[in-house]
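Each remark here refers to the structure printed beneath this line.
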Amino acid sequence: MRRFGLIGRPLGHSASAKYFTEKFRKEGLSDCEYALYELPSVEELPSLLAAMPELCGLNVTIPYKRSVMHLLDRIAPEAQAIGAVNCIRRLRDGTLEGHNTDIAGLRAALDRLLGGAEPAQALVLGTGGVSQAVQYALAERGIPFALVSRDAAKGNYTYDNLPCEAVAESRLIVNASPVGTYPAVGEAPRIPYAYITPEHFLLDLVYNPPLTRFLDCGLRRGARVLNGETMFRGQAEASWRIWNT
């Protein structure tokens, strides 16, 4: 049996196991299994791997995308540049390779949302591991961005001092925080939504629920919106390709 899985905490919102289980069924991969491993600490990863020698690959989610890196033997150059890992490949000799497939999903999501549009600037909500990939993807496209964080030391703004002008002028706004994820579906990032217009693009990396309060607020203002499903599927398929290299 070839085993794969997801590590992080919490994992109640995750669709990864359902996605891969369905993929394995459709493709006749009866020797493959995908499970969720909710680790209280990332330092428990070596124990998980020791207990399950048949684990071939893992996805990594909040809050371990950066903290897992010191446990890996090799990190792919793009993941190193991004500063976060969301995919681990376990080689036959036990070597652990870290990759970032969030970037593949983000490229697809931005292509789908923006089409040919080129926003003059963007606003990124959140400064965690997935935000690192968002920043990398925006830099690739030459889109300047500002960061909004709960921690004043990590962003250009906090949610308490975010100027209305920053929202009005940033025609692309990306929610790279977990705010609004199931089960806290009534929550949304605290930004002045009154300054969002039909010229805005809103990308939410949350995919559960499909319509977050963040996106709903954008829709009510006439903005073009996209949830995290395109990114989710893109990163999942990129992970599968890496595990089968």
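For Trp240 and Tyr19, the distance between ring centers is not under 6.0 angstrom.
Cluster annotation: Ile75 is not connected to Ile242 through the hydrophobic network of ILVMFWY side chains, with a link wherever side-chain heavy atoms come within less than 4.5 Å. No path of Ile, Leu, Val, Met, Phe, Trp and Tyr side chains, each step under 4.5 Å between heavy atoms, connects Leu219 with Phe201, placing them in separate hydrophobic clusters. Hydrophobic clustering, with ILVMFWY side chains joined whenever heavy atoms are under 4.5 angstrom apart, groups Ile143 together with Leu203. In the hydrophobic clustering of ILVMFWY residues, with side-chain heavy atoms under 4.5 Å counting as a link, Leu202 and Leu138 come out apart. Under the 4.5 Å side-chain heavy-atom criterion for ILVMFWY residues, a single connected hydrophobic cluster contains both Ile173 and Leu162.
Under the ring pair (Phe, Tyr, Trp, His ring centres under 6.0 Å) criterion, no residue pair touches residues 106-126, with sequence neighbours excluded. Pairs passing the ring pair (Phe, Tyr, Trp, His ring centres under 6.0 Å) check and including a residue from residues 130-169, sequence neighbours excluded, do not occur.
Side chains of Thr101 and Asn86 form a contact here, defined as non-hydrogen atoms less than 4.5 Å apart.
Remark: Arg107 pairs with Glu78, Glu140 by the side-chain hydrogen bond (donor to acceptor under 3.5 Å, both in side chains) rule, at least two apart or across chains. For Arg220, the salt bridge (Lys or Arg N to Asp or Glu O under 4.0 Å) partners at least two apart in sequence or on another chain are Asp216. Every residue was checked against the salt bridge (Lys or Arg N to Asp or Glu O under 4.0 Å) condition with Glu199, not counting sequence neighbours, and none meets it. Under the ring pair (Phe, Tyr, Trp, His ring centres under 6.0 Å) criterion, Tyr34 pairs with Phe20, sequence neighbours left out. Residues passing the side chain to side chain contact (heavy atoms under 4.5 Å, CB included) test with Thr21, sequence neighbours excluded: none. Every residue meeting the salt bridge (Lys or Arg N to Asp or Glu O under 4.0 Å) condition with Asp111, not counting sequence neighbours, appears here in chain and number order: Arg141.
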Could you list the donor-acceptor pairs under 3.5 angstrom formed by side chains in residues 36-52, with sequence neighbours left out?
unit_1: Glu38; atom_1: OE1; unit_2: Leu11; atom_2: N; d: 2.9
unit_1: Ser41; atom_1: OG; unit_2: Glu43; atom_2: N; d: 3.1
unit_1: Glu43; atom_1: OE2; unit_2: His70; atom_2: NE2; d: 3.1

Using distance only, find each side-chain donor-acceptor pair of residues 188-196 under 3.5 Å and give its atom names and separation, not counting sequence neighbours.
unit_1: Arg190; atom_1: NH1; unit_2: Asp160; atom_2: OD1; d: 3.3
unit_1: Arg190; atom_1: NH2; unit_2: Asp160; atom_2: OD1; d: 3.3
unit_1: Tyr193; atom_1: OH; unit_2: Pro189; atom_2: O; d: 2.8

Quiz: residues 223-234 side-chain donor-acceptor pairs under 3.5 angstrom, not counting sequence neighbours:
unit_1: Asn227; atom_1: OD1; unit_2: Glu229; atom_2: N; d: 3.1
unit_1: Asn227; atom_1: ND2; unit_2: Pro210; atom_2: O; d: 2.9
unit_1: Glu229; atom_1: OE2; unit_2: Arg233; atom_2: NE; d: 2.9
unit_1: Glu229; atom_1: OE2; unit_2: Arg233; atom_2: NH2; d: 3.3
unit_1: Thr230; atom_1: OG1; unit_2: Arg112; atom_2: NH1; d: 2.9

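Checked by atom type, the side-chain pair Arg2/Asn244 shows a donor-acceptor distance below 3.5 Å. Judged by distance alone, the side chains of Asp73 and Thr95 never bring a donor and an acceptor atom under 3.5 Å apart. If you check the side chains of Thr127 and Asp151, you find no donor sitting under 3.5 Å from an acceptor.
Under a 3.5 Å cut-off, the side chain of Ser177 and the backbone N or O of Gly126 do not form any donor-acceptor pair. A donor-acceptor pair under 3.5 Å links the side-chain atoms of Gln132 to the main chain of Ile82, judged by distance alone. Put simply, the side chain of Trp243 gets close to the backbone of Ile88: a donor and an acceptor are under 3.5 Å apart. Between the side chain of Gln135 and the backbone N or O of Ser131, at least one donor-acceptor pair lies under 3.5 Å. Looking only at distances, a side-chain donor or acceptor of Arg90 sits under 3.5 Å from a matching main-chain atom of Leu55.
Taking a cutoff of 4.0 Å between a charged side-chain nitrogen and a carboxylate oxygen, Lys23 and Glu27 qualify as a salt bridge.
Under a 4.5 Å side-chain heavy-atom cut-off, the cluster of Ile, Leu, Val, Met, Phe, Trp and Tyr residues that includes Tyr182 is completed by Val185.
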Side chain to side chain contact (heavy atoms under 4.5 Å, CB included) between Arg221 and His200, worked out | CA-CA 9 Å; Arg221 303 290 302 173; His200 277 75; over 6 Å; no

